[in-house]
Amino acid sequence: VRTITKALKVAKTGDTIHLSEGTYNEHIEIEGTVTIEGAGTQHTCIEGSVIVKKGASIVFENITFHPSTTIQIDGNVFFNHCDISTSHVRTLLCVSGTLDIKHSIVSGAKEIGIELRPNAQLTIDQCAIYSNGKANILADYATVDLYNSTLHSANHAIWLRNSSSLNSTKNKFSHHSGTQLIAHQQSVIVDKGSYITHGKGNGIYASNQANVTLSGTRIEEHVLPQVWIQNAHVQARNVRISNGQESGIMLRDHSTADISDAEFTHHKLAHVQVTLHSHAHIVTSQLTYSAGNAVQVKDQSTANVVES
């Protein structure tokens, strides 16, 4: 057969469809369970539109996608060694089901690279997500697991809304024109060992009872406070926060912080700012080389600094 649509009609559950070299410009709707394997991202390209229906389970391997409309995922999809890119659509991937991406690229959307609808689940490993307008990933009541990947060159790397969660391990977030990681409305960020650097906004911004846990994270070179916590909580252990144009951590509006075994260095205003009924507990940490204060406390706030 010469089209993916025809191949899907005759495929049985668990079959693999092998695509020859070439460009496939067609409208594809997928039901059932199949694998679609290309001849390599340099040789096999799918254009047109792709819809994966609820209950379907599909694996795409070694394929480039240049979709003319958003790829809609209501079922379960795994992209492996794929290049998903375009400059023509607002959102590249819209997910209501489950999406796994490995060794792949997602880039070039006008506004959103990957949009997660309520209850969607996203797992990314060893990928590059970049140059997607407003946000590389936008999550609403959704879950993101992110490993060993790079996200750069959008307005925001990841924007979590409405009790969404990010579990991040050993990633690099850099060169976003706004805040790199945002957690709103009881969302949760848990990071282990990532590098957050060179942003024109905050490195992390959390508000409205969000919760941020950092372990071994390195944050540096941001224009605004590198970690801004507003009516939220941050726990930071064994982190290094350095070379910020304002402060290292800003707490305001009834925020709290538990900081231990951390290193703060080279901030122009303060390493830690605590204001507007907030509290910081800082233990066994180093706070050196600040052009302003090590810890600045005001507006009915408190700071407990122990062995630092």
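Transitive grouping of hydrophobic side chains (ILVMFWY, heavy atoms separated by less than 4.5 Å) keeps Ile51 and Leu116 in distinct clusters. Placement of Ile112 and Ile158 in two distinct hydrophobic clusters is found when ILVMFWY residues are connected by side-chain heavy-atom separations under 4.5 Å, directly or transitively. Tyr130 and Phe173 are members of different hydrophobic clusters when ILVMFWY side chains are connected at heavy-atom separations under 4.5 Å. A chain of hydrophobic side-chain contacts below 4.5 Å, direct or via other Ile, Leu, Val, Met, Phe, Trp or Tyr residues, connects Leu160 to Val95. Grouping the Ile, Leu, Val, Met, Phe, Trp and Tyr side chains by contacts below 4.5 angstrom, directly or via other members, places Ile105 apart from Val50.
At least one side-chain heavy atom of Val234 sits less than 4.5 Å from a side-chain heavy atom of Leu251. Contact of the Leu93 side chain with the Ile84 side chain is registered, since non-hydrogen atoms from C-beta on lie closer than 4.5 Å. Looking at heavy atoms from C-beta onward, Asp83 lies out of side-chain contact with Gln42 at the 4.5 angstrom threshold. A 4.5 Å side-chain heavy-atom check between Ile124 and Asn171 finds every atom pair outside the cut-off. Between Asn208 and Gln186, every side-chain heavy-atom pair lies at or beyond the 4.5 Å cut-off. The shortest side-chain heavy-atom distance between Thr275 and Met250 falls under the 4.5 Å cut-off.
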Hey, mind stepping through Ile28 and Thr3 against side chain to side chain contact (heavy atoms under 4.5 Å, CB included) and telling me if it holds? CA-CA 10 Å; Ile28 303 169; Thr3 69; over 6 Å; no
Go through the steps to decide whether Gln286 and Glu263 satisfy the test side-chain hydrogen bond (donor to acceptor under 3.5 Å, both in side chains), and finish with yes or no. CA-CA 5 Å; Gln286 299 180 43; Glu263 180 182 355; 5.5 Å; no
Go through Thr197 and Lys172 one step at a time and tell me if the side chain to side chain contact (heavy atoms under 4.5 Å, CB included) criterion holds. CA-CA 8 Å; Thr197 183; Lys172 182 178 180 181; 4.1 Å; yes
Evaluate Asn136 against Val106 for side chain to side chain contact (heavy atoms under 4.5 Å, CB included), listing each step before the verdict. CA-CA 8 Å; Asn136 283 316; Val106 179; over 6 Å; no
Residue pair Ser207, Asn231: steps toward the side-chain hydrogen bond (donor to acceptor under 3.5 Å, both in side chains) verdict: CA-CA 5 Å; Ser207 70; Asn231 187 26; over 6 Å; no
Apply side chain to side chain contact (heavy atoms under 4.5 Å, CB included) to His279 and Val274, showing your working. CA-CA 7 Å; His279 175 72; Val274 191; 5.5 Å; no
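The two residues Ala183 and Ser187 have their closest heavy-atom pair at CB-CB, 4.1 Å. The minimum heavy-atom distance between Ser285 and Ala262, with the atom names listed, is OG-N, 3.1 Å. Annotation for Asn132 and Ile129: closest pair ND2-CG2, 3.9 Å, computed over non-hydrogen atoms. Looking at every heavy atom in both residues, Ser278 comes nearest to Ser301 through N-OG, 2.9 Å. Glu21 and Ala39 get closest at one heavy-atom pair: CG-CB, 3.9 Å.
Every residue two or more places apart in sequence or in another chain that forms a side-chain contact (heavy atoms from CB on, under 4.5 Å) with Ser96 is listed here: Gln72, Asp74, Arg117. Scanning for side-chain contact (heavy atoms from CB on, under 4.5 Å) contacts around Thr23 gives Cys45, Glu47, with sequence neighbours left out. Annotation: side-chain contact (heavy atoms from CB on, under 4.5 Å) contacts of Leu276 (sequence neighbours excluded): Arg252, Asp253, Asp299. Annotation: side-chain hydrogen bond (donor to acceptor under 3.5 Å, both in side chains) contacts of Glu26 (sequence neighbours excluded): Thr5. Legend: residues meeting side-chain hydrogen bond (donor to acceptor under 3.5 Å, both in side chains) with Thr284, ordered by chain and number and at least two apart, are Asp261. With sequence neighbours excluded, the residues that form a side-chain hydrogen bond (donor to acceptor under 3.5 Å, both in side chains) with Trp228 are Gln230. Under the rule for a side-chain contact (heavy atoms from CB on, under 4.5 Å), the partners of Val89 that lie at least two apart in sequence or sit in another chain are Thr86, Leu92.
The CG atom of Asn155 lies 7.5 Å from the CD1 atom of Ile182; values are rounded to the nearest 0.5 Å. Atom CG in Leu122 sits 12.5 Å away from atom CD in Glu115 (nearest 0.5 Å). Rounded to the nearest 0.5 Å, atoms CD (Glu37) and CD1 (Ile17) are 11.5 Å apart. One finds the OG atom of Ser165 at 9.0 Å from the CD atom of Gln121 (value rounded to the nearest 0.5 Å). To the nearest 0.5 angstrom, Ser164 atom OG is 11.5 Å from Ile137 atom CD1. With rounding to the nearest 0.5 Å, the separation of CD1 in Ile114 from CG in Leu138 is 11.0 Å.
For residues 29-54, the set of pairs meeting the ring-ring contact (aromatic ring centres under 6.0 Å, His included) definition, not counting sequence neighbours, is empty. Screening residues 238-267 for ring-ring contact (aromatic ring centres under 6.0 Å, His included) gives His254-His277, His266-Tyr289, His267-His271 as the qualifying pairs, with residues at least two apart or on separate chains.
Judged purely by distance below 3.5 Å, without hydrogens or angles, the side chains of His27 and Glu29 pair a donor atom with an acceptor atom.
Between the Asn202 side chain and the Val227 main chain, no donor and acceptor come within less than 3.5 Å of each other. The backbone N or O of Thr288 lies less than 3.5 Å from no partner atom in the side chain of Ser290, so there is not a single donor-acceptor pair. Judged purely by atom type and a 3.5 angstrom limit, His66 uses its side chain to pair as donor or acceptor with the backbone of Ser85. Proximity of a side-chain donor or acceptor of Ser255 to a complementary backbone N or O of Ile229 within less than 3.5 Å is detected. A distance-only check finds no donor-acceptor pair linking the side chain of Thr91 to the backbone of Thr70 [under 3.5 Å].
In the displayed structure, Tyr24 atom OH is contacted under 6.0 Å by more than 12 heavy atoms of other residues, nucleotides or ligands.
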Per-pair distances, 0.1 Å, donor-acceptor, side chain in residues 143-153, under 3.5 Å, sequence neighbours excluded:
unit_1: Asn148; atom_1: ND2; unit_2: Asp125; atom_2: OD1; d: 3.3
unit_1: Ser149; atom_1: OG; unit_2: Gln126; atom_2: N; d: 3.1
unit_1: Ser149; atom_1: OG; unit_2: Cys127; atom_2: N; d: 2.9
unit_1: Ser149; atom_1: OG; unit_2: Tyr147; atom_2: O; d: 2.8

Could you pull out every donor-acceptor pair under 3.5 Å between side chains of residues 55-63 and any protein atom, sequence neighbours left out?
unit_1: Glu61; atom_1: OE2; unit_2: Asn80; atom_2: ND2; d: 3.1

Run the side-chain donor-acceptor check on residues 209-225: report pairs under 3.5 Å with partners two or more places apart or on a different chain.
unit_1: Thr217; atom_1: OG1; unit_2: Asp191; atom_2: OD2; d: 2.7
unit_1: Glu220; atom_1: OE2; unit_2: Tyr195; atom_2: OH; d: 2.4
unit_1: His222; atom_1: ND1; unit_2: Glu220; atom_2: O; d: 3.1
unit_1: His222; atom_1: ND1; unit_2: Gln226; atom_2: OE1; d: 2.9
unit_1: His222; atom_1: NE2; unit_2: Gln180; atom_2: NE2; d: 2.8

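Ring pair Phe79/Phe65 is perpendicular by interplanar angle, where above 60° counts as perpendicular and below 30° as parallel.
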